[in-house]
Amino acid sequence: MRKCCCINAVAFFSLVFMRRIRHMREITADLNDMQREACCHIDGPLLILAGAGSGKTKTITHRAAYMIEQGVNPYNILAITFTNKAATEMRDRVDLIVGENADRIWVSTFHSMCVRILRRFAERLGYKDHFAIYDTDDSKSVIKDVLKYLQIDHKKYPEKMFMGMISAAKEQYKSPDEYERENATDFVKRKAADVYREYQHRLKKNNAMDFDDLLYKTVELFEHNPDVLQLYQDRFRYIMVDEYQDTNHVQFLLIKMLARQYRNLCVVGDDDQSIYKFRGANIYNILNFEEEYPDARVIKLEQNYRSTGNILNAANAVIKNNQGRKEKALWTEKQGGDKIRFRQYDNEYFEAEGVASEIARLSVKDASYRDMAILYRTNAQSRIFEEKLLMRNIPYKIVGGLNFYARKEIKDVLAYLRLINNESDSQSLKRIINVPKRGIGQSTVDKIEAYAVDQDISMGDAIYRVEDIPDIGRAASKISLFADLLDELKSMVYHGGKLSNLYDSILERTSYMDELIAENTDESKDRLENLDELKNKIIRYEDDNEDATLSGLMEEISLVSDLDSLSDDDDRVRLMTLHSAKGLEFPYVFIGGMEERMFPSSMALNSDDEDAVEEERRLCYVGITRAMNRLYLSASKRRTIHGATNMNDVSRFIREIPGNLFENMEEVKKQSKPVLAQMGEPYKNARKYGSNNPYVKSTASPAKSGMGITPSSKPAFGKQFTVNRAESVDYGVGDRVRHMKFGEGTVTGLVAGGKDYEVTVDFDRVGTKRMFASFAKLKKI
DNA sequence: AGTCAGCGAGTTTTT
DNA sequence: CTCGCTGACT
């Protein structure tokens, strides 16, 4: 019996041992030499310079798995990523390799890591653990109040300027006092220091932190509480930081503090993909890593597994034009491949149309919609692409863009939830005290606020003392009703009610939903849909978290972006900014707006910062390297921005790509010549004066439904690329159709014009309209 | 207190 | 072009 046990024990251990050996081999088996080296370097500082598509995620996930196999307790591993999506992906992939226990690795973004730490030790900083997280909108309205309070003219000194300065100060880990001291001679910055100080004061009053505070306060916490720092240093013996080129100074400090004891710090990044300088990312964190950690091992991953040779060569050719980068040479085994397609269109409608028609073509024979992405420099560009995709019934998804949580109805309801969660949150209170209308006007709100400031209490407390507030008049009873409503909702939380029920109660008790239903417009229907969507998110949160709490929900909502919910399984074309595309890959990539002043942006071109254009170029590099099989680049000769039409040269980045990499080399050469060379003498002078010049301004009135620029643009503007052939339409007289703006209606006329169909529709809401089929967004229903 | 018209201003990227 | 704000009016 006993012997039997022994044998079993031996067998068991050898089994485990063999499994481990096998695993070790397995873990590193499909890595290349460099990747394997990075994977197996566990102790001491390590810098992995990972070029685009070089298997970076694979390497670090395998590294985590390898560490666990080597006996490192997963509990002692911290992996910091830039986005929640990257965090989830990393966790899933480690799970896949090591199975159980991987969930004990702490994988998170900088911000969510900080929130977790701060919640636990909030009181050491004078905060309550239910503190709210303010987004940019919230901050802005606080700043607005501060400016009013300090009697600073917000027209002369806009909120945005102060926000930028305060943010920059926080990223540098500068307190208001330090900031003031360092800028004593600068009039505006001295003012900014005052705003900064008062802003922080108010945030604290509201028991709220902004995004920058999350990082700042964590560093502050560690600095003043060695015991807390010790706790986390002990826990995080192995630290990995992804996208290290995007870290700012506070993040640098944070990591440095945490890693000080064990020095097992592995950072991964690519200086060529540093595209967040505008929000404080300091590229020198990665460039000078070896100076900070002289004993650091440096490993370069230079083999690209993603893109074909042509695409990679184009990317290399572009990025080569930047100074001051770490020399590296990405290479691939996939030589050749499809050549790059570039095309310049007459205007942005034709450009979008061209892209949409190519997508339609590809979807028929080569690819699924999910394999394709349209990338652009600014969110504003998405609209036209959206229109044209809609017209062709191509399913698409806009990633990022105007944040779901930034919508009015969502912010309103969230403000209720936030206020219930954190009664000090005056900002949320002000937002909803009269939403929906309950007869509490601005002057009343001002009186409550003045009283709260005077008594040094929050507005949330003040509304319970209406009888003490001077001059409140007959609004008092209304305020009390509001306070009662809040009490009722709060009690639901105290009694452990479900969050989704709380949500329903809010909508019900405030009649918020009823009002929208009564409104019965397309817009209100949209809003109702969004509210439903929010409810789904809440239910999903409850399903995913056994210990679902209101503050947990608020946190998730503050820190999770649209980007993170991007799933691979819905078959749609992805539309997003180049920034959002970082870290993703697609077989077919379209980059639109390849024009001077679009990309590189006019901001960058006008900037005194020499590096501004280089950052744009890095962005271009990021964009190009997203493509696996084929890359489409497009530009538009004319583009209407804010009502004015501009003529733009083809982007310098196009000219930086060697001609032989293009499918249509000759055409590209012709098109990428500056516009004035194509247009001839009379227009030369016009260009110099930029967009305010009458010659450049469009004389045609640009059109409500995109009809302003007709297909027959003048030959004087060089070679034409007519893209819109006559569309065939799938509806006829008598059919019901839906228009994006005008709603539903009945087709009453359909006339074939020279190039297009002229459709007459009798809309239910707005009456009869006549439009061209290729521009109207009509869908048969 | 609430609504609505008219005006001016601002437009890069986001955790 | 599209918000957002102001100020006059109901």
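Keep in mind that this is a model prediction, so the values were computed, not measured. Each chain gets a letter, A, B and so on, in the order its sequence line appears, and its residues count up from 1.
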Assign [X] to base, sugar-phosphate, or nothing according to its heavy-atom contacts below 4.0 angstrom with the strands shown.
X: A:K582; result: nothing
X: A:F110; result: nothing
X: A:D212; result: nothing

* Under the side chain to side chain contact (heavy atoms under 4.5 Å, CB included) rule, collect the residues that match up with A:L481, sequence neighbours excluded. => none
Output the single nucleotide from [options] whose closest atom is nearest the side chain of [X].
X: A:H579; options: B:dT12, B:dG2, B:dT13; value: B:dT13
X: A:F211; options: B:dT13, C:dC5, B:dT15; value: B:dT15
X: A:R279; options: B:dT12, B:dT15, C:dT2; value: B:dT15
X: A:R383; options: C:dT2, B:dT15, B:dT12; value: C:dT2
X: A:T577; options: B:dT3, B:dT14, C:dC5; value: B:dT14

* Asked: Which sits closer to the 5' end of DNA chain B, A:F278 or A:P158, going by the nucleotide each is nearest to?
  ->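 Its nearest nucleotide lies further toward 5', so the answer is A:P158.
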Is [X] close enough to [N] that one of its side-chain N or O atoms is under 4.0 Å from OP1 or OP2 there?
X: A:N379; N: B:dT13; result: yes
X: A:K277; N: B:dT13; result: no
X: A:S443; N: B:dA1; result: yes
X: A:T444; N: B:dA1; result: yes
X: A:T640; N: C:dC1; result: no
X: A:S558; N: B:dT15; result: no

Expressed as a whole number of angstroms, how long is the span from [X]:[atom1] to [N]:[atom2]?
X: A:M554; N: B:dT15; atom1: CE; atom2: C1'; value: 18 Å
X: A:K85; N: B:dT15; atom1: NZ; atom2: C1'; value: 16 Å
X: A:M163; N: B:dT13; atom1: CE; atom2: C1'; value: 15 Å
X: A:L584; N: B:dT14; atom1: CG; atom2: P; value: 13 Å
X: A:E159; N: B:dA9; atom1: CD; atom2: C1'; value: 12 Å
X: A:N606; N: B:dT12; atom1: CG; atom2: P; value: 12 Å
X: A:K160; N: B:dT14; atom1: NZ; atom2: P; value: 13 Å
X: A:L215; N: B:dT15; atom1: CG; atom2: P; value: 13 Å

* Asked: If only atom types and distance count, is the side chain of A:Y376 paired as donor or acceptor with the main-chain N or O of A:M576 below 3.5 Å?
  -> yes
* Okay, side chain of A:E595, backbone of A:A635: is any donor-acceptor separation there less than 3.5 Å? -> no
* To do: Would you check if there is a donor-acceptor pair between the side chains of A:N321 and A:E656 at a distance under 3.5 Å?
  =>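 Yes, side-chain donor-acceptor contact under 3.5 Å.
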* Asked: Without hydrogens or angle criteria, can the side chains of A:N322 and A:Y621 be said to hold a donor-acceptor pair below 3.5 Å?
  -> no
* To do: Determine whether any donor atom in the side chain of A:R377 lies under 3.5 Å from an acceptor atom in the base of B:dT13, or the reverse, and answer yes or no.
  => yes
* To do: Take atom C1' in B:dT13 and the same atom in C:dG4, then report the distance between them in whole Å.
  => 23 Å
* Using the aromatic ring of A:Y276 (for Trp, its six-membered ring), decide whether it stacks on the base of B:dT14 within the limits of 5.5 Å and 30°. => no
* To do: Compute both the distance and the angle, then confirm whether A:K582 meets the cation-pi test with A:F82: under 6.0 Å from the six-membered ring centre, within 45 degrees of the axis.
  =>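 Geometry flag: set, cation within 6.0 Å and 45°.
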